[in-house]
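Structure record follows, encoded as structure tokens.
Only this structure's heavy atoms are used, side chains among them; waters, hydrogens and symmetry mates stay out. Start at 1 and go down the list; that is how both ligands and their atoms are numbered.
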Amino acid sequence: MALLSVSDPGLSRVAGLGIAAGAGLTAYAVWETRAYTLRRIEVALLPAGQRPLKVLHLSDIHMTPGQTRKQEWLSSLVALQPDLVVDTGDNLSHRDSVPVVRDSLGALLDLPGVFVHGSNDYFEPTVRNPFRYLLPDKGKRHIRSSQLPWRALSRTLTDAGWTDLTNRRATTVVGETTLSFAGVDDPHLSYDRLDLVQGRADPDADVRLGIAHAPYLRVLDQYAEDGYDVVLAGHTHGGQICLPGGRAWTTNCDLEPARAKGLHRHPADSQPGEPGSAWLHVSAGIGTSPYTRIRVACRPEATLITMVPHR
Ligand SMILES: [Fe+2]
């Protein structure tokens, strides 16, 4: 049998095609990180007769100062005229990003808003193999790198009037709708203090929302059990590197990949109106770590959730 060698023209052609395909896929994956997309959904959450309420869900912005296209796209979202902004964390990816996030949110900061932080608001990103994201979580957390200015981020957002939901509950009235919130610090770092927020959700509110950066099951279970109508989270990046059609391999937490992004029920097989169950909306997020700046079949996104009355 003849041995193949690098001088074999057939093998060289196959190797060349493989390199070209890899380069093409990488170029596409880099391009997709900037293919910013708005997703719109409608959920029946309001009492009958109330005016629809537009909630803009932002997550995982991962801002670095040079990302002008992302900054312009974020600023443009105010044209949607949302009634409320929910920011589920990972706003930062650079120590100089707080003023950049503030300027990019721009007029969105004049609207009612709530937020929690994610791990990337606390710690500087580190160089990683992008494909490690697809491997099982071994529980290692990057908490030894330098801290990012998360306190300045909190101050910037609260000074603008947004509510910090870090391990606390809050109530706000938007238009004619009373919204009650519970929020936790990042469950991915085990910073969540469910003991501080658990308990029956406010029965007098029109809508009850549970907020977290990472959608770990213990948090979703608690919110659903306490009677929250909808849980909003990010962190998963929608799987970030997905199969054609957007099917995720991973969520980077204990949520199963089938719910890596979009609107689902929690528990997954529950029905609206069932006690102990809630809607779950997971954002695929707007950014990525600066060291894994690729996305495949998983566009960066913000979501406009229109809450409409129950029929
Ligand atoms: Fe993130």
Practice item. Determine, for R51 against D83, whether the closest basic-nitrogen to carboxylate-oxygen distance falls under 4.0 angstrom. Key: yes
Point to revise | H117 versus N91, side-chain donor and acceptor atoms under 3.5 Å | key: no
**Study point:** Residue pair S277 / R265, side-chain donor-acceptor N/O under 3.5 Å
**Key:** yes
**Study point:** Residue R95 excluded, over 12 heavy atoms near CZ under 6.0 Å
**Key:** no
Exercise for review: Would you please say whether a donor-acceptor pair under 3.5 Å links the side chains of N252 and H237?
Suggested key: no
Review point. In terms of side-chain heavy atoms, does H57 have a donor or acceptor partner in T88 at a distance below 3.5 Å?
Key: yes
**Study point:** Polar protein atoms (N, O or S) that approach the Fe ion (ligand 1) to under 2.8 Å
**Key:** D60 OD2, H62 NE2, D90 OD2, H237 NE2
